Amino acid sequence: MDTMKAAVFEKQGSFVLKDVPVPSLAGDYHVLVEVEAVSICGTDVHITADPPGYIATDGTTLGHELCGTIIEKGKNVTHLDVGDRVVVNPNNYCGVCVYCRKNLPNQCSNIEALGIDYDGAFAKYVCIHSKVAYKIDKTVSPETAACAEPLACAINGLNKVNIKPGDSAVVIGAGPIGLMAAMLLKASGIANLFILETSEYRIDFARKLNLGSVLNPLKDDARKVIYDKTEIGADFVFDMTGSQIAPSIQLVRKGGSVVLFGVNKNSRTEIAQSEITTKEIAVLGTWLANATFPQAIKIIEEKSIDLASLITDVMPLDEIHSGIKKLASGQAIKIIIKP
Ligand SMILES: [Zn+2]
Ligand SMILES: [Zn+2]
């Protein structure tokens, strides 16, 4: 049996590089993909932490943000061919549950996540269902294409609101998805963009991207800066951290929208509900990607935003442990593994 090197989450506290069998086609609708590039996600950091901040199935090869080339396909796959380059929606949905039939496949009752629930792409080959594989142009760099999934999530968040040229927005948290959201907001015509971040590394990084005013709420009076500029508060506030709903409600204008992106399951925040009522604020959650891969692929192919500037490191699979450590330390934005 042919084997390949894979980065496997064996059990809590044990994440190892080891030889595993090369996967074979799991079914007639599946494709076998040779992985060109796969990005380390914050979720991978949480899964491999001890104690873990996110639960994966023991014995699973991690890695879910990938770009690769199809080397074999099941006999019922009609929309893709061997040789096509693809990106993948890692959250495979069933298509028949009540949520799927309400056009909410990201809320599918039977959702299964690549590289978390079943074997992912920190390996040379990965087998996926063809319905979650999307063709992407071969002229795009594989490193940039590997960012399609987080970009599709960011787009899903922006799709929740109606952005108009000249509007103002605040992004709280300048991690990879926060910076992608900021880039999309700027490209969508947001005139006044404020990015709030407390990590010095990320503040410096965000400033170099020239997307808007980067403020450190521990040092700057962010509320004053935002109200001085907008007079009434921001039209939109995006909380990428999962814990900043209270300041979001302070910073948004009356009638504005707060979009909650990040997930922090431990966060419990006291808010004055009356402020949401009397300011007539829309508070919207957004989760994963929903029908946003086609948009993400267009944006990547047309280089509508400079995604490549978010890639701070490219490493071989052998260095995955140092990559995860580096991302956990906050000294990187997007780290790409080339298996
Ligand atoms: Zn991810
Ligand atoms: Zn479903």
Side-chain angles (χ1 to χ4, degrees), residues 7 9 15 29 35 37-49 52-57 60-68 87-123 126 128-134 142-157 173 175-181 240-242 261-265 286-293 296-297 300 307 310-313 320 323-324 326-328 330 332-337 339:
F9 172 73
F15 176 57
Y29 289 95
V35 180
V38 50
S39 165
I40 302 178
C41 172
T43 305
D44 300 316
V45 174
H46 296 313
I47 290 170
T48 53
Y54 199 94
I55 304 300
T57 305
T60 305
T61 299
L62 303 187
H64 60 268
E65 300 179 358
L66 74 134
C67 165
V87 293
V88 176
N89 177 355
N91 296 293
N92 190 16
Y93 51 93
C94 74
V96 295
C97 74
V98 178
Y99 280 117
C100 281
R101 290 186 165 174
K102 282 182 179 288
N103 287 331
L104 290 168
N106 56 331
Q107 301 291 353
C108 171
S109 303
N110 306 304
I111 205 160
E112 48 171 17
L114 176 76
I116 295 172
D117 301 321
Y118 65 104
D119 286 338
F122 287 146
V126 62
I128 51 170
H129 198 289
S130 61
K131 80 172 181 292
V132 288
Y134 296 80
E143 293 87 349
T144 312
C147 298
E149 194 264 334
L151 181 63
C153 296
I155 293 167
N156 191 27
I177 302 193
L179 292 173
M180 287 179 198
M240 317 305 295
T241 71
F261 259 91
V263 175
N264 177 345
K265 290 193 174 168
T286 184
W287 180 232
L288 307 178
N290 185 3
T292 44
F293 268 78
I297 289 164
I300 292 171
L307 267 188
L310 300 182
I311 297 169
T312 49
D313 304 81
I320 186 143
I324 285 188
K326 188 166 185 187
L327 192 62
I333 300 292
K334 262 298 176 208
I335 300 179
I336 305 290
I337 298 290

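Positions are given from 1, in the same order as the sequence printed here. Counting starts at 1 for both ligands and their atoms, following the listed order. In this text the structure is predicted, and so the values were computed from the model without any measurement.
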From the list Val88, Asn91, Val87, side chain to side chain contact (heavy atoms under 4.5 Å, CB included) with Glu149 holds only for Asn91
Without swapping roles, check the side chain of Asn89 against the backbone of Val132 for a donor-acceptor pair under 3.5 Å.
no
Test of geometry: compute the angle SG(Cys97)-the Zn ion (ligand 2)-SG(Cys100) and round it to 10°.
110°
Rounded to 10°, how big is the angle at the Zn ion (ligand 1) from His64 NE2 to Cys41 SG?
110°
Ala152 backbone acceptor or donor facing Asn156 side chain under 3.5 Å
no
Considering just N/O/S atoms, say which atom of Glu65 is closest to the Zn ion (ligand 1).
OE2
Does a sphere of radius 6.0 Å around OH in Tyr118 hold more than 12 heavy atoms from other residues, nucleotides or ligands, not counting ones at 6.0 Å or beyond?
yes
Check whether any N, O or S atom of Cys153, backbone or side chain, sits closer than 2.8 Å to the Zn ion (ligand 1).
no
The Zn ion (ligand 2) as vertex, arms to SG of Cys94 and SG of Cys108: angle to 10°?
100°
Test item: Thr61 side-chain N/O and Phe122 main-chain N/O as donor-acceptor pair under 3.5 Å:
no
